[in-house]
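We number each residue from 1, following the sequence as shown. These values consider heavy atoms only, across backbone and side chains, with no hydrogens, waters or symmetry-generated copies. Note that the structure is a prediction, hence the values are computed from the model and not measured.
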Amino acid sequence: MKHVVLAAAGHVDHGKTALVRALTGVDTDTLPEEKRRGLSIETGFAPLDLADGVQISLADVPGHARLIPHMLAGVCGADGFLLVIAADEGVMPQTAEHLDLLTILGIKRGIIALTKTDRVDGETLDRRREEIARWAAARGLSGMPICPVSAVTGRGLDGLRAALAALAEAVQPRETGLPFRLWVDRVFSVAGQGTVVTGTAAQGRAAVGETLCFYPGGTPARVRSIQRHGQPCETLWAGMRGGLNLAGLERQAVRRGAVLAAPDSLTVTDRAAAELFLLPQAPYPVRHNAALHVYYGSEHQVCRVLLAGRRTLEPGERCFAQLRFSRPAALGAGDRCVIRFFSPTVTLGGGVLLDLQPAGKTDPALLTVLAAGGPEARTAAVLARMGDRLPKTEELARRAGLTPEDCGLALEDLERRGLALPLGGRWMAGGQAAALWGRLRALLADFHRREPLWPGMAREALRAALFPHGSARAWNTLLSWYAARYRLVLSEEWVALPGFSVQWTPEYEGLRRMLRERYDRSGLTPPTREEALSPFGRQREKAEQVLRRMALDGELTAIAPGQWVRPHCLREGERRLAAAFARKRVCTLGELRDALGLSRARALVLLDHWDRTGVTRRVAEGRVLLRRGD
């Protein structure tokens with residue numbers, strides 16, 4: 001069955017509720033106050049079943065000027081509209097404003113129902129039809145069907161049903177490949193069942209048993225059951241109107257304006273870059289840094305508007321701007337919004353939200369691509385913008401306003417062209433990878449100049465300097481890509497430039513010989529680092545490089561921070577140690593000190609080293625030998 005949502009909009013008291021009741025048999029005014037005042041306050045919904053398995057959900061929205069926020073919440077997710085105009089009054093202020101609001105939200109497919117025809121004669125009816133046709137054409141809706149009807153006599157209802165069926169047939173199916181999203185327009189509790197929320201599924205699907213989240217807070221809730229117009233169902237698809245009974249959620253935890261969506265599918269932000277436009281008939285311009293009312297989905301709040309490259313946006317104009325929200329908003333790229341003047345509260349225009357995480361000033365080049373570019377261009381633009389904050393495909397799709405499938409296809413093409421690089425389940429722009437290679441090459445060249453005896457820079461040190469937001473997995477994948485593309489030299493620990501090799505110049509060889517002799521003479525009483533380097537004067541820096549390289553090559557063994565001994569001296573010490581333990585199973589510190597021929601402090605340093613390396617082990621009476629030295 002095909003499901004379509006149509007908004008029954010129009011001026012107050014033009015017969016929307018009566019027409020919906022005549023079409024469906026359902027009275028959408030259910031609140032006591034609505035009955036008392038004869039005025040729709042909340043949006044009511046009624047099903048209209050047509051031939052060929054089509055069901056229309058008619059949203060009877062309030063028509064009073066003061067109830068515009070309720071009207072906008074009601075039309076959220078609508079596929080088209082039924083604009084109701086009374087034949088005895090014609091186009092009125094809320095007729096025009098409702099049509100403007102529908103157009104701003106991108107709801108441009110509709111029908112005009114000319115109601116209360118039983119109150120006018122034929123000549124007046126013909127004249128009214130001509131007036132409305134001219135009015136609609138002036139707003140870019142020429143040729144829109146105008147159906148004269150009477151909810152009292154039933155005149156024209158069959159023709160209206162036929163027009164509605166044609167409209168429903170022309171509506172394109174919603175996108176089901178995107179994550180589920182529903183703007184909440186009603187919240188209530190049912191005794192013994194818990195919290196129920198209602199709304200129109202804007203995209204994706206939700207099924208009984210799934211866990212969804214309420215945004216902007218991210219509160220999880222499990223779908224206990226689903227109903228569509230009072231009938232239970234297992235799945236709610238995009239384009240369907242429904243109510244969801246949720247487990248694990250208190251009534252007070254959610255309100256109208258919240259979003260029920262798949263986990264991690266929306267961006268929660270306090271700002272968004274958008275393309276704004278003002279209606280030609282907007283009564284006021286918008287000035288830079290002005291406070292405005294902004295409506296999106298079923299939500300409404302105040303925002304501040306920062307225009308890009310201009311001080312004023314005049315009626316009929318459009319420009320890029322940044323919206324600074326007064327509280328966090330849960331949004332998707334490509335969402336539409338309505339903007340209204342702060343005071344008096346009148347409709348000015350709207351916009352399309354393009355970049356939900358703008359950094360600093362508005363970037364017109366990026367927004368131009370996001371506004372008009374294809375999937376590949378949008379994917380490339382967002383990926384380049386993210387730098388080394390490497391996104392997964394799903395996040396990239398969300399920020400570019402694409403389905404994951406379309407984004408994945410775009411990434412495959414970008415990868416073939418060298419414009420995107422897969423890194424351990426995440427992506428980097430080809431330009432970013434090339435720029436990072438330039439920085440890496442300069443950093444390694446400087447390191448090789450300063451440390452000519454070192455085999456390369458440590459992988460983790462490079463990552464900390466160049467790739468602080470990326471994972472070790474992604475970094476290692478990127479290094480492997482550089483190795484294949486630019487012949488970067490990699491080892492398990494080190495990274496070096498192509499062609500680099502350690503060069504033992506005569507000067508360095510001389511320093512190494514002097515250090516060997518110094519440590520050979522010291523035996524098991526090694527100098528401190530400072531003592532070893534102090535005789536070298538102006539050659540101290542190079543001597544220190546040699547010292548580190550000797551330790552790396554195994555020519556020196558560290559027994560404590562800043563203290564090294566020659567390996568052959570250490571082996572001699574271990575032989576003395578073994579001789580002492582040949583006489584006794586457990587030796588005291590004093591006995592081992594005498595066997596080594598060292599002071600107590602020197603012996604303790606060596607014994608601690610042997611404890612750490614598994615040669616000896618401390619026990620209550622002293623130490624025991626675990627293994628003999630070579």
- Query: Given the rule in the side chain to side chain donor-acceptor pair (under 3.5 Å) test, do Arg340 and Thr345 qualify, once you have shown the distances and angles that lead to the verdict?
  - Reply: CA-CA 6 Å; Arg340 306 185 82 209; Thr345 309; 5.5 Å; no
- Please walk me through it: do Gln357 and Arg399 pass side chain to side chain donor-acceptor pair (under 3.5 Å)? CA-CA 8 Å; Gln357 293 178 315; Arg399 296 188 64 165; 2.9 Å; yes
- Task: Could you check Asp118 against Arg155 for side-chain contact (heavy atoms from CB on, under 4.5 Å), going step by step and ending with a plain yes or no?
- Result: CA-CA 8 Å; Asp118 54 289; Arg155 173 190 176 185; over 6 Å; no
- Task: Evaluate side chain to side chain donor-acceptor pair (under 3.5 Å) for Thr17 paired with Asp60, printing each intermediate quantity in order.
- Result: CA-CA 6 Å; Thr17 302; Asp60 177 14; 2.5 Å; yes
- Message: The test is side-chain contact (heavy atoms from CB on, under 4.5 Å); show your working for Leu331 and Tyr296 and say whether it passes.
- Response: CA-CA 9 Å; Leu331 304 167; Tyr296 50 93; 3.5 Å; yes
- Task: Report the C-alpha distance between Arg181 and Asp335 in whole Å, list the side-chain angles of each, state the deciding distance to 0.1 Å, and finish with yes or no for salt bridge (charged side-chain N to carboxylate O under 4.0 Å, His left out).
- Result: CA-CA 12 Å; Arg181 180 159 56 145; Asp335 285 355; 2.7 Å; yes
- Query: For Arg304 and Gln322, what are the C-alpha separation, side-chain angles and deciding distance, and is it a side chain to side chain donor-acceptor pair (under 3.5 Å)?
  - Reply: CA-CA 8 Å; Arg304 194 161 292 280; Gln322 195 171 126; over 6 Å; no
- Task: Any chance you could lay out the side-chain contact (heavy atoms from CB on, under 4.5 Å) test for Val75 and Leu105, step after step, and finish with the verdict?
- Result: CA-CA 9 Å; Val75 303; Leu105 292 173; 3.7 Å; yes
- Check the pair Arg21 / Val26 against side-chain contact (heavy atoms from CB on, under 4.5 Å), numbers first and verdict last. CA-CA 5 Å; Arg21 184 170 57 247; Val26 175; over 6 Å; no
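Surrounding CD of Glu314 are more than 12 heavy atoms belonging to other residues, nucleotides or ligands, all under 6.0 Å away. The number of heavy-atom neighbours closer than 6.0 Å to CZ of Arg287, taken from other residues, nucleotides and ligands shown, is 12 or below. Environment of CD in Glu169: sparse, with no more than 12 heavy atoms of neighbouring residues, nucleotides or ligands closer than 6.0 Å. Within 6.0 Å of CG on Asp264 lie no more than 12 heavy atoms contributed by other residues, nucleotides or ligands. Summarising the local packing, NZ of Lys2 is surrounded by more than 12 heavy atoms from other residues, nucleotides or ligands at distances under 6.0 Å.
With hydrogens and angles ignored, the 3.5 Å screen pairs a side-chain donor or acceptor of Gln203 with a backbone N or O of Pro179. Judged by distance alone, with hydrogens and angles left aside, the side-chain atoms of Ser189 form no donor-acceptor pair with the main-chain N or O of Arg251 at under 3.5 Å. Put simply, the side chain of His64 never gets that close to the backbone of Val12: no donor and acceptor are under 3.5 Å apart. At distances below 3.5 Å, not a single donor-acceptor pair connects side-chain atoms of Arg119 with backbone N or O atoms of Ala87. Checked by atom type and distance alone, the side chain of Thr24 pairs as donor or acceptor with a backbone atom of Val20 at under 3.5 Å. Asp79 contributes a side-chain N or O that, together with a main-chain N or O of Val5, makes up a donor-acceptor pair within less than 3.5 Å. The closest donor-acceptor contact from the side chain of Thr368 to the backbone of Pro364 lies under 3.5 Å. For the pair Arg271 (side chain) and Leu323 (backbone), a donor-acceptor distance under 3.5 Å is absent. Looking only at distances, no side-chain donor or acceptor of Lys116 sits under 3.5 Å from a matching main-chain atom of Ser150. No donor-acceptor pair closer than 3.5 Å links the side chain of Asp406 to the backbone N or O of Thr403.
The only member of Asp88, Leu114, Val120 that meets side-chain contact (heavy atoms from CB on, under 4.5 Å) when paired with Arg128 is Leu114.
Within the 4.5 Å cutoff, the side chain of Leu307 has heavy atoms near those of the Val305 side chain. Taking 4.5 Å as the limit, every side-chain heavy atom of Phe81 sits out of range of all side-chain heavy atoms of Thr103. By the 4.5 Å heavy-atom criterion applied to side chains, Ile112 and Val84 are not counted as neighbours. A 4.5 Å side-chain heavy-atom check between Ile68 and Gln94 finds at least one atom pair inside the cut-off. For the pair Val302 and Val294, the minimum side-chain heavy-atom distance is 4.5 Å or more. Between Val196 and Leu246 the shortest side-chain heavy-atom distance does not fall below 4.5 Å. Side-chain contact between His300 and His293 is present, with heavy atoms from C-beta onward closer than 4.5 Å. Residues Leu396 and Thr379 are in side-chain contact: their nearest non-hydrogen atoms beyond the backbone lie under 4.5 Å apart.
For His14 and Glu89, the side-chain atoms include at least one donor-acceptor pair closer than 3.5 Å. A donor and an acceptor atom, one from each side chain of Thr198 and Arg241, are located under 3.5 Å apart. In the model, Asn245 has no side-chain atom that pairs as donor or acceptor with a side-chain atom of Thr195 under 3.5 Å. Tyr295 and Gln301 share no side-chain donor-acceptor pair at under 3.5 Å. Under the 3.5 Å distance criterion, with hydrogens and angles disregarded, no donor-acceptor pair is assigned to the side chains of His3 and Arg174.
Closest approach of Ala272 and Leu356 over heavy atoms only: CB-CD2, 4.0 Å. A pairwise comparison of heavy atoms in Ala73 and Ser298 identifies CB-CB, 3.8 Å as the closest pair. Closest approach of Cys407 and Thr393 over heavy atoms only: SG-O, 4.0 Å. Of all heavy-atom pairs between Val369 and Ala377, the closest is CG1-O, 3.4 Å. Counting all heavy atoms, side chain and backbone alike, Glu210 lies closest to Ala206 at OE1-CA, 3.8 Å. Between Leu23 and Leu48 the shortest heavy-atom distance is O-CD1, 3.4 Å.
In this structure, Arg327 pairs ionically with Glu299, as a charged nitrogen and a carboxylate oxygen lie closer than 4.0 Å. Under 4.0 Å is where a charged nitrogen must lie from a carboxylate oxygen, and between Arg161 and Asp158 at least one such pair does.
With values rounded to the nearest 0.5 angstrom, Leu102 atom CG is found 8.5 Å from Leu72 atom CG. Here the CG-OG1 distance, from Leu67 to Thr43, works out to 9.5 Å after rounding to the nearest 0.5 Å. With rounding to the nearest 0.5 angstrom, the CD atom of Glu275 is 11.5 Å from the CG atom of Leu353. One distance of note links CE of Met240 with CD1 of Ile226; it measures 9.5 Å at 0.5 Å rounding. Once rounded to the nearest 0.5 Å, the distance linking CG of Leu58 with CG of Leu19 reads 8.0 Å. The OG1 atom of Thr312 lies 10.5 Å from the CG atom of Leu278; values are rounded to the nearest 0.5 Å.
Taking the six-membered ring wherever Trp is involved, the centroid distance between the rings of His229 and Phe45 does not fall below 6.0 Å.
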